[in-house]
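Data block below; observations after.
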Amino acid sequence: MARLKITQVRSRIGATERQCRNLDALGLKRIHATVEHDDSAIIKGMIERVKHLVKVEEVK
């Protein structure tokens, strides 16, 4: 199964409450924080909501 490396590249200041909750659920607390998650539909949906705040890379 593929893994996704997700890095927060922009500040959550000015983001909606829903976007902040998605960042929290992904485990991103500050700029340049990086987490890895399994590639799933749930994770991709969360990323879609905050795609302007994060950078996503596929890790093999």
Side-chain angles (χ1 to χ4, degrees):
M1 176 178 275
R3 304 240 337 137
L4 297 175
K5 181 178 172 182
I6 307 161
T7 304
Q8 184 177 344
V9 294
R10 297 199 56 203
S11 173
R12 65 174 57 208
I13 295 173
T16 65
E17 182 64 29
R18 183 176 190 172
Q19 291 167 343
C20 290
R21 287 196 313 258
N22 273 314
L23 288 173
D24 290 338
L26 287 169
L28 298 169
K29 300 291 184 185
R30 63 184 70 82
I31 297 176
H32 303 297
T34 301
V35 293
E36 285 191 18
H37 288 286
D38 290 328
D39 189 5
S40 67
I42 294 169
I43 297 297
K44 287 217 173 173
M46 294 166 82
I47 292 169
E48 183 64 29
R49 295 283 182 186
V50 294
K51 63 185 173 190
H52 60 290
L53 301 175
V54 299
K55 177 176 73 170
V56 180
E57 302 171 26
E58 188 171 331
V59 179
K60 302 242 176 180

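When the salt bridge (Lys or Arg N to Asp or Glu O under 4.0 Å) test is applied to E17, no partner is found at least two apart in sequence or on another chain.
When all heavy atoms of R30 and Q8 are compared, the pair lying nearest together is O-OE1, 3.2 Å.
Hydrophobic cluster membership for V56: L4, I6, L23, L26, L28, V35, I42, I43, M46, I47, V50, L53, V54 (Ile, Leu, Val, Met, Phe, Trp, Tyr linked by side-chain heavy atoms under 4.5 Å, directly or transitively).
Remark: K44 NZ to K51 NZ distance equals 13.0 Å, nearest 0.5 Å. Here CZ of R12 is found 11.5 Å from CZ of R21. Values are rounded to the nearest 0.5 Å.
Ion pairing between a basic and an acidic side chain is recognised when a charged N comes within 4.0 Å of a carboxylate O; R3 and D39 show no such pairing.
Surrounding CZ of R49 are at most 12 heavy atoms belonging to other residues, nucleotides or ligands under 6.0 Å away.
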